[in-house]
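What you see is a predicted model, and the numbers here were worked out from it, not measured in a lab. Residue numbers start from 1 in every chain, and the chains themselves are labelled A, B, ... in the order their sequence lines are given, proteins ahead of strands.
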There are 2 protein chains.
Amino acid sequence: MSKQADPDVAACCAPIAARPLGPDQAAVIAPLFKALGDPIRLRLMSMIASVPEICVCDLTPAFDLSGPTISHHLKVLREAGLVDADRRGTWVWYRVRPEALRQLGALLEITAAAGEGRPA
Amino acid sequence: MSKQADPDVAACCAPIAARPLGPDQAAVIAPLFKALGDPIRLRLMSMIASVPEICVCDLTPAFDLSGPTISHHLKVLREAGLVDADRRGTWVWYRVRPEALRQLGALLEITAAAGEGRPA
DNA sequence: CGTCTAGCTTGACAGACATCAAAACAGCCG
DNA sequence: CGGCTGTTTTGATGTCTGTCAAGCTAGACG
């Protein structure tokens, strides 16, 4: 376990609207959004984020999908660095990585510089 | 122009971590994240969000991609409801839809309920 | 009307992705 | 050890996506 890509958090902090993202920063951040860009993964993410931690055995039955498919989606979230998992005895427990969530949230903040002050 | 899907903003407001997203809400929101899940689109989005509005003719030369490809990505952003566009004379101008950005930002906020209070 | 420029649409194609079945792996318990 | 449950990996398959070339539309300008 515990094998998730560390997405070089330092590369991005300021909101998307503060100044244009460079190609490198975009290449680092886009995969995080992509990981959330699937309804199943978004629900998984929100289920995991709603509690301190949660067992795969509680996630799988919430979907009309095979076990391997859920496992695949969890792996995507893991490799994006959005969640963390470890096995405890028979079961595997997932929890969210708050930094990653916070980082994305900060990116979407709308600052004074943004398209807010537009007339129409 | 001005043909973007209106993603039923009412369906979601509270952070992802507040409570699990229902399948319907996830189906509405995931496409927004998906639209941001491509490096090119993320850069386009950030370029558009950095100024009140911007002409396609200023976006295209920033990338090593054909015009049609940029146009395709802009269409994806448009149909996701993240940006808005209209033609003014010869040029087409894009601007961000602040509500959409704000909505996504709110979703990623980490509230007291989240995985924060975990011991290790 | 004719033509030029800016941008979009269509068609085609290679690569990526979601899904499942089958097999493998990790712990428990008899 | 041998079987049992829970989870991940592998392989195969159909669908989706990013890209470009070629063709098309909208407006400006004679």
Side-chain angles (χ1 to χ4, degrees), chain A residues 1-5 21 23 26-27 29-45 47-48 53-95, chain B residues 1-5 23 26-27 29-45 47-48 53-80 82-95:
Chain A
M1 281 316 150
S2 76
K3 172 201 151 201
Q4 73 286 324
L21 253 50
I29 300 165
L32 302 197
F33 284 119
K34 189 172 189 174
L36 293 178
D38 180 282
I40 303 299
R41 286 197 292 268
L42 192 54
R43 285 176 65 196
L44 283 170
M45 192 66 193
M47 290 176 73
I48 297 171
E53 55 187 357
I54 189 170
C55 172
V56 174
C57 59
D58 288 326
L59 293 171
T60 304
F63 300 86
D64 273 341
L65 291 172
S66 68
T69 298
I70 297 297
S71 187
H72 160 69
H73 286 302
L74 287 172
K75 183 179 187 178
V76 172
L77 291 174
R78 235 186 303 131
E79 289 182 340
L82 288 168
V83 302
D84 215 343
D86 66 326
R87 174 163 229 133
R88 276 206 290 286
T90 303
W91 295 284
V92 177
W93 296 82
Y94 278 77
R95 73 196 87 81
Chain B
M1 281 318 151
S2 76
K3 173 199 148 202
Q4 73 286 322
I29 300 166
L32 302 196
F33 284 119
K34 188 173 189 176
L36 293 178
D38 180 282
I40 303 299
R41 286 197 292 270
L42 192 55
R43 285 176 64 195
L44 284 169
M45 192 67 194
M47 289 176 74
I48 298 170
E53 56 186 358
I54 189 169
C55 172
V56 174
C57 59
D58 288 326
L59 293 171
T60 305
F63 300 86
D64 274 341
L65 291 171
S66 69
T69 298
I70 297 298
S71 188
H72 159 69
H73 286 302
L74 287 171
K75 182 178 188 178
V76 172
L77 291 175
R78 234 185 304 131
E79 290 182 338
L82 288 168
V83 303
D84 215 342
D86 66 326
R87 172 165 229 131
R88 275 206 290 285
T90 304
W91 295 284
V92 177
W93 296 83
Y94 278 76
R95 74 196 84 81

Gap separating the [atom1] atom of [X] from the [atom2] atom of [Y], nearest 0.5 angstrom:
X      : Y      : atom1 : atom2 : result
S71(A) : R78(A) : OG    : CZ    : 6.5 Å
I48(A) : Y94(A) : CD1   : OH    : 7.5 Å
I40(B) : L59(B) : CD1   : CG    : 12.0 Å

Who are the side chain to side chain donor-acceptor pair (under 3.5 Å) partners of H73(A), not counting sequence neighbours?
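Partners of H73(A) under the side chain to side chain donor-acceptor pair (under 3.5 Å) test: R41(A).
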Could you please spell out the steps behind the side chain to side chain contact (heavy atoms under 4.5 Å, CB included) verdict for L44(B) and L77(B)?
CA-CA 9 Å; L44(B) 284 169; L77(B) 291 175; 4.1 Å; yes
Atom [atom1] of [X] and atom [atom2] of [N]: how far apart are they, to the nearest Å?
X      : N       : atom1 : atom2 : answer
I70(A) : dA21(C) : CD1   : P     : 14 Å
H72(A) : dC17(C) : NE2   : P     : 8 Å
D86(B) : dA6(C)  : CG    : C1'   : 15 Å
W93(B) : dA6(C)  : CH2   : P     : 13 Å
E79(A) : dT9(D)  : CD    : P     : 8 Å
L65(B) : dC20(D) : CG    : C1'   : 10 Å
H73(A) : dT19(C) : NE2   : P     : 4 Å
L74(A) : dT7(D)  : CG    : C1'   : 10 Å

Is the phosphate of [N] approached by [X] (side-chain N or O, under 4.0 Å from OP1 or OP2)?
X      : N       : result
K34(A) : dA16(C) : no
T69(B) : dG18(D) : no
K75(A) : dT7(D)  : no
S71(B) : dC8(C)  : yes
Y94(A) : dT8(D)  : yes

If you fit an axis to the five pairs at each end of the helix from dC1(C)-dG30(D) to dG30(C)-dC1(D), how big is the angle between those two axes, to 10 degrees?
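One end axis against the other gives 10°.
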Do you know which two heavy atoms are closest between [X] and [Y], and how far apart they sit?
X      : Y      : value
L82(B) : M45(B) : O-CE, 3.6 Å
W91(B) : C57(B) : CD1-SG, 3.7 Å
A26(A) : L42(B) : O-CD2, 4.0 Å
V83(B) : L74(B) : CG2-O, 4.5 Å

Are side-chain heavy atoms of R95(B) and D86(B) found at a separation under 4.5 Å?
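Yes, side chains in contact.
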Using a cutoff of under 3.5 Å, can you pull out all pairs of nitrogen or oxygen atoms linking the protein to nucleotides 22-30 of chain C, with atom names and distances?
none

Residues of residues 35-45 of chain A with any non-hydrogen atom less than 4.0 angstrom from an atom of DNA chain C: list those, numerically ordered, please.
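Here the set is D38(A), R41(A).
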Return a table of donor-acceptor pairs under 3.5 angstrom between the side chains of residues 29-37 of chain A and protein atoms on other chains or two or more places apart.
none

Anything under 3.5 Å between a donor and an acceptor, one on a side chain of residues 62-69 of chain B, the other on a protein residue two or more places apart or in another chain? List them.
{"residue": "S66(B)", "atom": "OG", "partner": "T69(B)", "partner atom": "N", "Å": "3.4"}
{"residue": "S66(B)", "atom": "OG", "partner": "T69(B)", "partner atom": "OG1", "Å": "2.9"}

